[in-house]
Participant: 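Got a structure for you, questions after.
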2 protein chains.
Amino acid sequence: MPTATPVLGLRERNRLRRTRRVERAALALALEHGVDDVTVDMICEASDISPRTYFNYFGTKEGALIGPAPSTPDEAFVEEFVHGRGPIVEDLMLLIARGFFATEPDREVFAMRRELYAKEPSLQALQVTRMAGKRQATAELVRRRLADQHPDMPATEASDEAQLVMSVAFGAFPVISRLWIEQSGDEAEVETYIHAAIARIRRIVSP
Amino acid sequence: MPTATPVLGLRERNRLRRTRRVERAALALALEHGVDDVTVDMICEASDISPRTYFNYFGTKEGALIGPAPSTPDEAFVEEFVHGRGPIVEDLMLLIARGFFATEPDREVFAMRRELYAKEPSLQALQVTRMAGKRQATAELVRRRLADQHPDMPATEASDEAQLVMSVAFGAFPVISRLWIEQSGDEAEVETYIHAAIARIRRIVSP
DNA sequence: CCACATTCTTGCAGTCACTGCACTTTTGCG
DNA sequence: CGCAAAAGTGCAGTGACTGCAAGAATGTGG
């Protein structure tokens, strides 16, 4: 067995098929009528699922539109980050990006989502809000790295510094993902975009 | 008449008094029970106002908690920014901060809000979401400044650069406002915090 | 001080997102 | 096949929010 494909049971295959069917229906409706003019009931009728089940799957009306939350990264990646010594913002963004790619969506869904995001920026704000939930946990990683790297730095200063590292990374992330999505969409190139963006930020904040 | 106090009519005075009464009630309830366990009806009962009127005033349940949206800055400030030549991120943040201070709230309300924000970070995410609405307009200002400053820069590059300037500013803003709120809350010191934060960002992204 | 226009508040009825609970169906497994 | 666990669904309810139209408060010109 090359990669992790644990021969999904019927149960999981059904779940996956359903998820995709609902996502496609939801995205198609949202693209046609606009997010605000689509109701959960419409999505459910179009995808032949009960509203109750819809919420079991996606939690919120927008859940099927914005896709699953990025998963928490592997322990190995986390360790690599915490003990890394490269440029901290780049390393952090790579870590985030990896979580982003861990959940591989259906190609068609991916394309529709891309189109919808361009049309309705409010969804991006939603993404940010959801990310904010993970922010706490991620900030903790940054603090661990700072402590590991500068054992002499006072705690409060490290905390502030961690906050700012997070700000820059999370702030630049939408820009990078937009560029990346619009231009290639190829996972291998993410790193390039990250480096380019950070270089630009460096120039921007330089006197 | 020293400052602009255009002798409010009875109508406006009533509105102001009401607004403050409702805000206080809402904040007190949210501080006591937590935002999620407070209903609009509770707020209305506590502040003796009809739910319909509540929504006329604040639009959303959280409206009374997070306060009014920062107003669009004066034309004069905008021009100053567009033709400014200082460090662009600092200038932008000052512009945003000014909009923030233009709507002066009641002292007591301000203090309660400060406390609530510390207790419920989700409200900060809400702020960000609301700000996102103004993002488009603000990005346009940044583009104007870039065009003014670098007439030779290609449009797409300027657009990307504007996005990144926005990212850094909006990303760092919550951090700065947190520091400022926690430590002094004095308008005059905002500038200091902004400079300090940018200096730190510079260090962070430097190789 | 009094009509009259304007503006604001309010009640009502309705829509929609979302949830807990209990019931049925589906699936995995011995 | 038969049974237990898991998943889907219907139902009833809560709570945010909206449009509408009636009623109250306010500002204004006489």
Side-chain angles (χ1 to χ4, degrees), chain A residues 6-23 25-27 29-30 32-69 120 122-123 125-127 129-130 133, chain B residues 6-23 25-27 29-30 32-69 120 122-123 125-127 129-130 133:
Chain A
V7 188
L8 305 186
L10 176 55
R11 213 149 223 164
E12 334 247 344
R13 271 180 290 134
N14 271 342
R15 167 172 267 271
L16 252 183
R17 215 191 0 254
R18 259 194 195 187
T19 302
R20 283 211 283 253
R21 200 177 63 221
V22 178
E23 282 176 339
L27 285 164
L29 283 169
E32 189 185 346
H33 303 107
V35 174
D36 286 346
D37 288 330
V38 173
T39 70
V40 172
D41 284 357
M42 287 165 70
I43 299 174
C44 292
E45 235 166 276
S47 54
D48 195 37
I49 199 181
S50 93
R52 194 62 186 81
T53 304
Y54 177 90
F55 282 107
N56 282 342
Y57 272 63
F58 302 104
T60 68
K61 170 185 168 181
E62 293 84 0
L65 300 177
I66 61 180
E120 310 232 12
S122 65
L123 289 181
L126 258 188
Q127 279 272 20
T129 305
R130 194 176 52 180
Chain B
V7 188
L8 305 185
L10 175 55
R11 210 148 227 163
E12 334 247 345
R13 271 181 289 135
N14 271 342
R15 166 172 270 271
L16 253 182
R17 208 184 12 248
R18 261 195 194 186
T19 302
R20 282 211 284 253
R21 201 177 62 222
V22 177
E23 282 176 340
L27 284 163
L29 283 169
E32 190 185 347
H33 303 108
V35 174
D36 287 346
D37 289 330
V38 173
T39 69
V40 172
D41 284 357
M42 286 165 71
I43 299 173
C44 293
E45 235 166 275
S47 54
D48 195 37
I49 199 180
S50 92
R52 194 60 187 81
T53 305
Y54 178 91
F55 283 108
N56 281 343
Y57 272 62
F58 302 104
T60 68
K61 171 184 168 181
E62 293 84 1
L65 301 177
I66 61 180
E120 310 230 15
S122 65
L123 288 181
L126 256 188
Q127 279 272 20
T129 305
R130 196 175 51 179

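Note that the structure is predicted; figures quoted are calculated from it, not measured. Throughout, protein chains are lettered first and strands after them, A, B, ... in sequence-line order, and every chain is numbered starting at 1.
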Participant: Please report, rounded to the nearest Å, how far the P atom of dC17(D) is from the CG atom of D36(A).
Facilitator: 13 Å
Participant: For a quick check, tell me whether the side chain of R52(A) and the base of dG20(C) share a donor-acceptor pair closer than 3.5 Å.
Facilitator: yes
Participant: Which nucleotide in the list dG8(D), dC17(D), dT10(C) gets nearest to the side chain of R15(A)?
Facilitator: dG8(D)
Participant: Return the nearest nucleotide to the side chain of N56(B); candidates are dT9(C), dG8(D), dC18(C).
Facilitator: dT9(C)
Participant: Pick base, sugar-phosphate or nothing for Y57(A), based on heavy-atom distances below 4.0 Å to the nucleic acid.
Facilitator: sugar-phosphate
Participant: So, is Y54(B) close to the dT9(C) phosphate, meaning a side-chain N or O under 4.0 Å from OP1 or OP2?
Facilitator: no
Participant: Identify which nucleotide among dC16(C), dT10(C), dT18(D) has an atom closest to any side-chain atom of F55(B), counting heavy atoms from C-beta outward.
Facilitator: dT18(D)
Participant: For I49(B) and dA24(D), what is the distance between atoms CD1 and C1' respectively, to the nearest whole Å?
Facilitator: 15 Å
Participant: Hey, does the side chain of N14(A) come within less than 4.0 Å of dT27(C)'s phosphate (OP1/OP2), counting only N and O?
Facilitator: yes
Participant: How long is the line joining CZ of R13(A) and P of dT26(C), in whole Å?
Facilitator: 17 Å
Participant: Treating E62(A) as the side-chain partner and L126(A) as the backbone partner, does any N or O pair qualify as donor plus acceptor under 3.5 Å?
Facilitator: no
Participant: Could you tell me whether the side chain of L65(B) reaches within less than 4.5 Å of the side chain of F58(B), counting heavy atoms only?
Facilitator: no
Participant: Is T19(B) close to E23(B) at the side-chain level, that is, under 4.5 Å between some pair of heavy atoms?
Facilitator: yes
Participant: Once you round it to whole Å, what is the distance between P of dC8(C) and CZ of R17(B)?
Facilitator: 16 Å
Participant: Could you tell me the separation between the CD atom of E12(B) and the C1' atom of dT26(D), rounded to a whole number of Å?
Facilitator: 11 Å
Participant: Examine dT10(C): is either OP1 or OP2 under 4.0 Å from a nitrogen or oxygen in the side chain of S50(B)? Give yes or no.
Facilitator: yes
Participant: Between F58(B) (CZ) and dA16(D) (C1'), how many Å, whole number?
Facilitator: 16 Å
Participant: M42(A) has an atom CE; how far is it from atom P of dT15(C), in whole Å?
Facilitator: 15 Å
Participant: Mind checking whether Y54(A) and I43(A) have side chains closer than 4.5 Å, heavy atoms only?
Facilitator: yes
Participant: Any side-chain heavy-atom pair from L123(A) and Q127(A) closer than 4.5 angstrom?
Facilitator: no
Participant: Without decimals, in angstroms, what is the distance between L16(A) CG and dG8(D) C1'?
Facilitator: 17 Å
Participant: Would you indicate, yes or no, if dT10(C) has its OP1 or OP2 atom less than 4.0 angstrom from a side-chain nitrogen or oxygen of T53(B)?
Facilitator: yes
